[in-house]
Number of protein chains: 2
Amino acid sequence: MGSGALPTSKRTDGEVPAIVVGRLPIYLRALSLLEEEGKEVTSSQELGKRLGISSAQIRKDLSHFGEFGKQGTGYRISFLKERLTEILNLNKYWHVALVGFGNLGQAIAHYGGFAVKGFHIKAVFDNDPNKVDQEINDIVIQHNSEIIQTIREENIKIAIIAVPLYVAQEIAELLVQAGVKAILNYAPINLFVPDDVQVQNIDPVVHLQQMTYYL
Amino acid sequence: MGSGALPTSKRTDGEVPAIVVGRLPIYLRALSLLEEEGKEVTSSQELGKRLGISSAQIRKDLSHFGEFGKQGTGYRISFLKERLTEILNLNKYWHVALVGFGNLGQAIAHYGGFAVKGFHIKAVFDNDPNKVDQEINDIVIQHNSEIIQTIREENIKIAIIAVPLYVAQEIAELLVQAGVKAILNYAPINLFVPDDVQVQNIDPVVHLQQMTYYL
DNA sequence: TAGATTGTTAATCGATTAACAATC
DNA sequence: TAGATTGTTAATCGATTAACAATC
């Protein structure tokens, strides 16, 4: 966590709260939408209304990274988009490894949403010999035993874990050994990884279970 | 939001912070795992270590709902599991509607993880005439125009939105009209709904984009 | 009994919001 | 110029943590 220091104007870094970083992609998403609607300029107020966030918070969040607006007129959308894209390191073509080609893994591999945003699945692994050597999007599925070598060779830094609960931790350890620094984890378990490795968890069931509390 | 008042011992309700409710399913997940490992008793410390959460926070969170432990010995896992299940209303067999049977919707429909946890997809809708009348898990896919009638008839309260960005808001409005009170939204947009309707968003790309900040 | 761990209070820490001078 | 909106400071609000008496 918090390892990277970007060459961005105003950054006495190591200090931007993770919760602020977490909102940047949301801002970016909203800006793209506004742009597609033909807008060229927006304000913290307009953005906030769209996102259900206070305008003060948006201005505060952005102020961690520099000054992107103009008093009286707001933010030029194209400019702010570029800056956020840069801050989040989204100018790169990211290579991603996917581990687990079961139900979920297949869905992820077929889902077009990652590639559109610059996250390209370049290696797929599974434990099942019947799946190994199958092809998906021109990629040959490899056995889990190849994880370390392949990921090292291709210098992949981002991986998606879509394996059953009970093997998730051991897969995570392989990925870490292979040099992966960011893991998107779909297994319903808290993974233990070194401090310099990011983990983000996705568990739709947890979201449903939160909502039923109020029903 | 915050409408429901449960008949649980210590609840001067409307007051449990959403962030606390959000952690309960995580605790439940960890308890199930401990149980499967054969453990019968645990402590806030053990749970905390597993989850990367402080033991004080776990005790504080639980204290919103009652007293579930014993000094000196900790928590009986089966008992705490039951209580959390009850608090989160997870004893019910929940009916769920799925809107959108594209790439993502199909993956969701095939994914077994929801049903195992008591969330059963009972109605599926899509706009595409070619998909309507197809079957999935014994359910006949219906056209979006049937959303209101079907959901009302079947008294469904939970829906999953897996439609393209640009129709998500209109679908949400149909769902609300139909009486849905909880929406799991996979479209990358902030939905506007009345205060008594819950929304939880899932966007894996946002998670990846957060992590690349640190890479 | 001695050791362990709860539930809770008070202290700390951090995040959000309100307000406003600066300025486009 | 008058109106609007930024970036930032200070105030408020809320969440986390430390500490400990109670007690199993």
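Order of the sequence lines fixes the chain letters, A, B, ..., with proteins taken first and strands second; residue numbering starts at 1 for each chain.
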Could you state the CZ-C1' distance from B:Phe79 to D:dC24, rounded to the nearest angstrom? 15 Å

Can you tell if the side chain of A:Ile26 reaches within under 4.5 Å of the side chain of B:Asn190, non-hydrogen atoms only? no

Between A:Gln169 and A:Glu173: side-chain donor-acceptor atoms closer than 3.5 Å: yes

How many Å lie between CD1 on A:Ile58 and C1' on C:dA18, as a whole number? 16 Å

Whole-Å distance between D:dT9 P and A:Gln57 CD? 18 Å

List the steps and the verdict of side chain to side chain contact (heavy atoms under 4.5 Å, CB included) for A:Lys122 and A:Tyr93. CA-CA 11 Å; A:Lys122 289 294 178 187; A:Tyr93 178 103; 3.2 Å; yes

Under 4.0 angstrom between A:Thr73 side-chain N/O and C:dC24 OP1 or OP2: no

Base partner of D:dC20, which must satisfy Watson-Crick or wobble distances under 3.5 Å: C:dG7

Short side-chain N/O contact from A:Ser44 to OP1 or OP2 of D:dT5, under 4.0 Å: no

Where the side chain of A:Lys60 is defined as all heavy atoms beyond and including C-beta, which of C:dG7, D:dA15, D:dT9 is the nearest nucleotide? D:dT9

Whole-Å distance, B:Glu67 CD to D:dA22 P, equals 14 Å

Does the distance from a Lys or Arg side-chain N to an Asp or Glu carboxylate O, for B:Arg83 and B:Glu86, drop under 4.0 Å? yes

N or O in side chain of B:Ser54 less than 4.0 angstrom from D:dT17 OP1/OP2: yes

Using side-chain heavy atoms (C-beta onward) and a distance below 4.5 Å, is B:Phe192 in contact with A:Lys49? no

Report yes if a side-chain nitrogen or oxygen of A:Arg59 is closer than 4.0 Å to either non-bridging phosphate oxygen (OP1 or OP2) of D:dT6; otherwise report no. yes

Need the pair for C:dT12. Rule: Watson-Crick or G-U wobble, both distances under 3.5 Å, any strand; none if unpaired. D:dA15

Does OP1 or OP2 of D:dC24 have a side-chain N or O of B:Tyr75 closer than 4.0 Å? no

Using a 4.0 Å heavy-atom cut-off across all strands, classify A:Ile19 as base, sugar-phosphate, or nothing. sugar-phosphate

For atom CG of A:Leu47 and atom P of D:dT5, their distance in whole Å: 12 Å

Closest-nucleotide mapping onto DNA chain C: is A:Gly72 or A:Pro17 further toward the 5' terminus? I mean the 5' end. A:Pro17

Considering only side-chain heavy atoms of B:Ser43, which listed nucleotide, C:dT16, C:dT5, D:dC24, is closest? C:dT5

Write down the distance between CG (A:Asp61) and P (D:dT6), rounded to a whole number of angstrom. 13 Å

Would you mind reporting whether A:Leu80 and A:Leu62 have side-chain heavy atoms less than 4.5 Å apart? yes

Nucleotide D:dG3, atom C1' - distance to CD of A:Gln45 in whole Å: 13 Å

Residue mapping more 5' on DNA chain C - nearest nucleotide basis, B:Leu62 or A:Val20: B:Leu62

Rounded to whole Å, NE2 of A:His64 lies from P of D:dT9 at a distance of 12 Å

Just compare D:dT16, C:dA15, D:dT6 and give me whichever is closest to any side-chain atom of A:Gln71. D:dT6

